[in-house]
Amino acid sequence: GAWVPLDPCEAAYDEPLLYSAGWGKNMTYVVALGDGALTDVTARYTADYNATLRDRPLSEAQVASALRWVAHTKGAPRLQPAPLR
C-alpha cells in the first residue's frame, strides 16, 4: 500500500509537497503510522531530501533506531525503518 496524505483544512488529497513547496515549511521528519507499521516517509514530503538529511540533527541510522524503539515500546508488530525514496 501507499501512504496518502490528507489535509481536510486545505481540501488537499495526495499532495505530499503541500507544506514544503506550497507553504515553504522545512520538514525534518515525517513519520507515517498505520497498519501496525512506522515508516519514515520524509523523502516524499520534502522538495530537497538531500538538504533535509544534511539539516537533520540525527542520522538515518539514529532515526531507524528510534522508530524501532517506538514500535517495540508501543507494540507495533511490523516496522519499516528505511525512508521511502
Side-chain angles (χ1 to χ4, degrees):
W3 300 106
V4 178
L6 300 171
D7 186 332
C9 294
E10 295 296 317
Y13 170 79
D14 201 16
E15 294 183 37
L17 298 179
L18 175 68
Y19 304 111
S20 68
W23 292 10
K25 300 289 183 185
N26 295 327
M27 308 299 259
T28 307
Y29 301 99
V30 180
V31 178
L33 171 63
D35 195 27
L38 291 171
T39 306
D40 180 352
V41 295
T42 308
R44 184 161 186 242
Y45 293 83
T46 58
D48 186 349
Y49 186 60
N50 289 327
T52 299
L53 290 177
R54 284 192 303 273
D55 293 343
R56 279 183 167 182
L58 300 175
S59 70
E60 285 190 72
Q62 289 171 311
V63 172
S65 177
L67 290 177
R68 280 191 297 275
W69 179 83
V70 169
H72 175 74
T73 302
K74 298 302 179 188
R78 292 188 315 272
L79 176 64
Q80 301 167 3
L84 301 175
R85 298 187 190 246

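For the single chain, residues carry numbers from 1 onward in sequence order.
Hydrophobic clustering keeps L17 apart from V41 (ILVMFWY residues linked when any side-chain heavy atoms are closer than 4.5 Å, directly or through intermediates). Grouping the Ile, Leu, Val, Met, Phe, Trp and Tyr side chains by contacts below 4.5 angstrom, directly or via other members, places Y45 with W23.
Between D14 atom CG and D7 atom CG the span is 12.5 Å, to the nearest 0.5 Å. Once rounded to the nearest 0.5 Å, the distance linking CG of D48 with CG of L53 reads 9.0 Å.
For the pair N26/S20, no side-chain contact is recorded, criterion being any heavy-atom separation below 4.5 Å from C-beta on. In this structure the side chain of S65 never reaches within 4.5 angstrom of the side chain of L58, judged on heavy atoms.
Taking every heavy atom of both residues into account, V31 and L67 meet most closely at CG1-CD2, 3.8 Å. When all heavy atoms of P16 and R44 are compared, the pair lying nearest together is CB-O, 3.3 Å. Among all heavy-atom pairs drawn from T46 and M27, the shortest one is CG2-O, 3.6 Å. The two atoms that bring T28 and T52 nearest to each other are O-CG2, 3.7 Å, heavy atoms only.
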